[in-house]
J.: 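Input: one structure, supplied below.
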Amino acid sequence: MVSNATLGEGGPIRRVATKARSAVVHLICERTVPLLAVMFCIGIAVTLWHLSHLSSSLVESGALHGTSLYSQSLTELRAFYNFEVIERVRPHGGAATHDYVRKNEAAPIPATSTIEFGKRISAKGTGMQVRLYSDFPFAFRKESGPKDDFERAALRELRTRPDKPFSRFEDFQGRPSLRYTTAVRLDAGCVHCHNTHPESPKTDWKVGDVGGVQEIIQPLQDIIAQTRSGLRATFALLLAMGFLGLGGLAVVIRRMRRNSVELEKRVAERAYAEARLAALRDINVAITSTLDQHSVLSILMEKIDVVLPNIAVQVWLLNKQSGELERAACRNLDAEDWKQRKLRDTPALVKAAMTGKTPVIVLNVQTDPRTLDPAFYCRQGLISYLGVPLVIKEEVLGVIVFLTREEHHFIKEEVDFFSALAGQAALAIHNSQIYAGEAQLAVNLARSNKELEQFAYVASHDLQEPLRMITGYTNLLSKRYKGKLDDDADEFIGFAVDGANRMRVLINDLLTYARVGTQGKIFAPTDCELILDQALLGLQAVIQESAARVTHDPLPTVMGDDVQLGQLLQNLIGNALKYRNGNAPAVHIGCQRRESDWLLSIRDNGIGIDPRFAEKIFVIFQRLHNREQYPGTGVGLAVCKRIVERHNGKIWVESAPGTGSTFYFTVPA
């Protein structure tokens with residue numbers, strides 16, 4: 001790989017990251033056993049805690065679910081017994097009593113049947129108990145009152161929220177248990193019995209009242225014991241898996257130690273890649289700091305020499321006028337030998353990079369058959385060759401060539417780096433070429449404008465003297481000989497007088513046009529109200545002759561040349577009066593403040609302008625109407641445009657035939 005001894009050290013963040021990475025690698029490679037032991041213990045402890053917590057949650061949720069189903073079954077059984085047994089035998093003389101054992105042909109009441117059923121379940125050895133108790137037990141069932149705090153709390157809660165079960169996990173009779181209670185609500189039959197029974201402690205029961213509580217006590221010690229047994233098995237399994245994992249990690253550690261050298265090499269390569277990216281950034285900032293092509297190439301060569309000190313560089317650029325490739329710049333080789341050597345054709349390797357728009361790589365340029373001048377490369381000691389096209393927007397500007405003085409295999413990463421560098425160079429060269437073209441165009445345009453102004457000014461002055469002679473003699477002929485010659489002679493003399501007058505107007509307009517272009521741009525605060533008054537004074541005769549009505553908004557003070565702005569208003573208002581539409585002209589000067597300038601408008605009710613010619617009318621000598629009907633030279637609006645542009649403003653027109661016109665222009669505030 002191409003050496004890069006001068007890329008420099010990384011920034012502080014990169015140094016900290018490198019140190020942290022080295023510390024982690026050292027810890028893994030040199031302190032593996034303690035690290036793994038700590039990690040293993042932490043993992044086992046966290047896993048056991050999680051499993052214990054999970055098993056407790058599962059035990060509680062399972063117990064709640066099972067006990068809830070059992071409670072619902074008891075409730076449904078009691079309801080079934082009441083409606084399907086008691087209510088069916090009672091009409092046939094059967095009796096339902098709590099003392100059914102001592103009476104023949106008697107059945108237990110529903111509450112008694114539930115209590116007896118619970119005793120039988122408990123007698124099976126499951127440990128589950130069923131209790132029915134109330135705040136108002138019958139005298140024959142004194143044991144059915146609340147016996148502890150839980151039962152009293154259950155009565156309070158279920159009277160408040162009878163539709164929601166009340167439960168608690170706690171030790172009961174020395175064993176962890178779930179105590180689950182539901183409300184026993186009285187139906188119509190129960191209310192009648194409780195309110196009419198002679199031993200009833202309460203006789204104002206209503207349907208839906210909570211008469212008591214059904215409690216199921218579910219011992220949990222067997223379930224907990226089974227869960228703990230499973231946890232012990234899981235712990236043993238985790239230990240076995242941990243030891244297997246430690247063995248696997250030992251194998252991995254040996255592999256990591258073997259690969260540590262390779263890892264360091266990759267880190268170095270990454271640091272080198274980051275340094276190359278930084279170099280690309282620095283080169284890009286440097287070569288885009290100027291728009292002069294010679295400076296761009298000089299800076300590019302200097303930066304490449306800093307980044308790649310052992311690389312020789314050639315830059316070939318396409319001459320767009322001749323279509324030929326030219327040698328533009330080089331570095332780290334004899335520039336005179338490279339530029340002065342005679343070549344019968346463009347080098348084939350350079351052509352290949354341009355036509356293919358892809359890099360061209362040659363291991364030994366001295367022996368490659370495509371090399372046009374191998375003797376030059378032998379003299380310079382250049383061997384390996386990489387030519388990268390300078391491409392911007394699918395256009396090839398040239399080729400940049402990189403050469404080494406020892407045989408070198410350019411790898412993909414290097415080709416990508418040089419291609420990125422070529423892309424930056426192509427952009428900078430493209431911008432410099434655009435700038436050079438625009439600068440030359442601006443120079444040519446300025447020269448043309450200057451020559452046009454000088455021509456108009458000189459020609460106008462040089463024409464003034466002969467024109468005065470022509471005008472004087474034609475006027476003299478018209479006065480002295482009018483009526484003394486034949487009609488044709490009088491007509492010819494009239495043509496001469498009119499032509500001389502038109503010539504005088506044209507020359508004066510040209511002088512005005514040239515004067516606007518040559519006067520300085522020294523602006524001062526100018527009162528537009530005063531300028532308008534002077535312009536209207538100059539148009540007073542036309543206004544009176546046409547019975548025109550001129551109105552205006554309050555006008556501001558602007559930064560400008562009062563003479564030129566007066567000429568601007570006089571030309572625009574004069575046009576509005578000249579191109580009238582048969583009626584008395586009406587002109588309004590409007591004004592509107594914008595962010596940094598004033599927008600003024602001249603609106604008239606004249607003949608209007610076809611929108612297709614809205615730009616044409618501002619070009620000098622351009623006319624849209626017959627000279628006899630609307631006399632003029634076609635210079636007035638061109639003068640207006642020039643005045644506005646010298647004030648850094650814009651002028652345009654909005655109009656349509658027969659609807660009048662509105663001219664807009666902007667001036668600095």
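This is a predicted model, so every value here is computed, not measured.
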J.: Sort and list the pairs that fulfil salt bridge (charged side-chain N to carboxylate O under 4.0 Å, His left out) and have at least one residue in residues 650-669, not counting sequence neighbours.
T.: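 Applying salt bridge (charged side-chain N to carboxylate O under 4.0 Å, His left out) to every pair that reaches into residues 650-669, excluding sequence neighbours, yields nothing.
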J.: Can you name the residues that form a side-chain contact (heavy atoms from CB on, under 4.5 Å) with L599, not counting sequence neighbours?
T.: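 L599 satisfies side-chain contact (heavy atoms from CB on, under 4.5 Å) with Q592, R594, W652, Y664, T666 once adjacent residues are dropped.
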J.: Pairs in or reaching into residues 373-382: which pass side-chain hydrogen bond (donor to acceptor under 3.5 Å, both in side chains), with residues at least two apart or in two chains?
T.: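 Output for this query lists D337-R379, D337-Q380, R341-D373.
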J.: With sequence neighbours left out, write down each residue that passes salt bridge (Lys or Arg N to Asp or Glu O under 4.0 Å) with K393, or none if nothing qualifies.
T.: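 None.
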J.: What residues, two or more places apart in sequence or in another chain, satisfy side-chain contact (heavy atoms from CB on, under 4.5 Å) together with R331?
T.: M301, E302, D305, V313
J.: Can you name the salt bridge (Lys or Arg N to Asp or Glu O under 4.0 Å) partners of R405, sequence neighbours left out?
T.: none
J.: Can you list everything that forms a salt bridge (Lys or Arg N to Asp or Glu O under 4.0 Å) with D334? Sequence neighbours excluded, please.
T.: none
J.: Do you know the tightest heavy-atom contact between G387 and A353?
T.: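 Taking every non-hydrogen atom into account, O-CB, 4.0 Å.
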J.: Counting heavy atoms not belonging to E407, are there more than 12 under 6.0 Å from its CD?
T.: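 Enclosed: over 12 neighbouring heavy atoms sit under 6.0 Å from CD of E407.
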J.: Got a second to check how far I602's CD1 is from N571's CG, nearest 0.5 Å?
T.: 11.0 Å
J.: Listing request: all salt bridge (charged side-chain N to carboxylate O under 4.0 Å, His left out) pairs with a residue in residues 562-574, at least two apart in sequence or in separate chains.
T.: none
J.: Listing request: all salt bridge (charged side-chain N to carboxylate O under 4.0 Å, His left out) pairs with a residue in residues 351-363, at least two apart in sequence or in separate chains.
T.: D345-K351, K357-E394
J.: Compare every heavy atom of T371 with every heavy atom of V365, then report the nearest pair and how far apart it is.
T.: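 Taking every non-hydrogen atom into account, O-OG1, 2.6 Å.
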J.: Measure across I400 and A422 and return the closest heavy-atom pair with its distance rounded to 0.1 Å.
T.: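 Smallest interatomic distance, heavy atoms only, reads CG2-CB, 3.8 Å.
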J.: Under the ring-ring contact (aromatic ring centres under 6.0 Å, His included) test, which residues partner F665, sequence neighbours left out?
T.: none
J.: Taking side-chain contact (heavy atoms from CB on, under 4.5 Å) as the definition, give me every residue that meets it alongside S298, ordered by chain and number, with sequence neighbours left out.
T.: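 Partners of S298 under the side-chain contact (heavy atoms from CB on, under 4.5 Å) test: H294.
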J.: Any side-chain donor paired with an acceptor under 3.5 Å for N319 and E326?
T.: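 The answer is yes; a qualifying pair exists.
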J.: Measuring from N310:CG to H408:NE2, what's the distance to the nearest 0.5 Å?
T.: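 Taking CG in N310 and NE2 in H408, the distance rounds to 11.0 Å.
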J.: Can you name the residues that form a side-chain contact (heavy atoms from CB on, under 4.5 Å) with T367, not counting sequence neighbours?
T.: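 Expected list: N364.
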J.: Are there more than 12 heavy atoms of other residues, nucleotides or ligands under 6.0 Å from atom CZ of R593?
T.: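 Yes, the 6.0 Å shell around CZ holds more than 12 heavy atoms from other groups.
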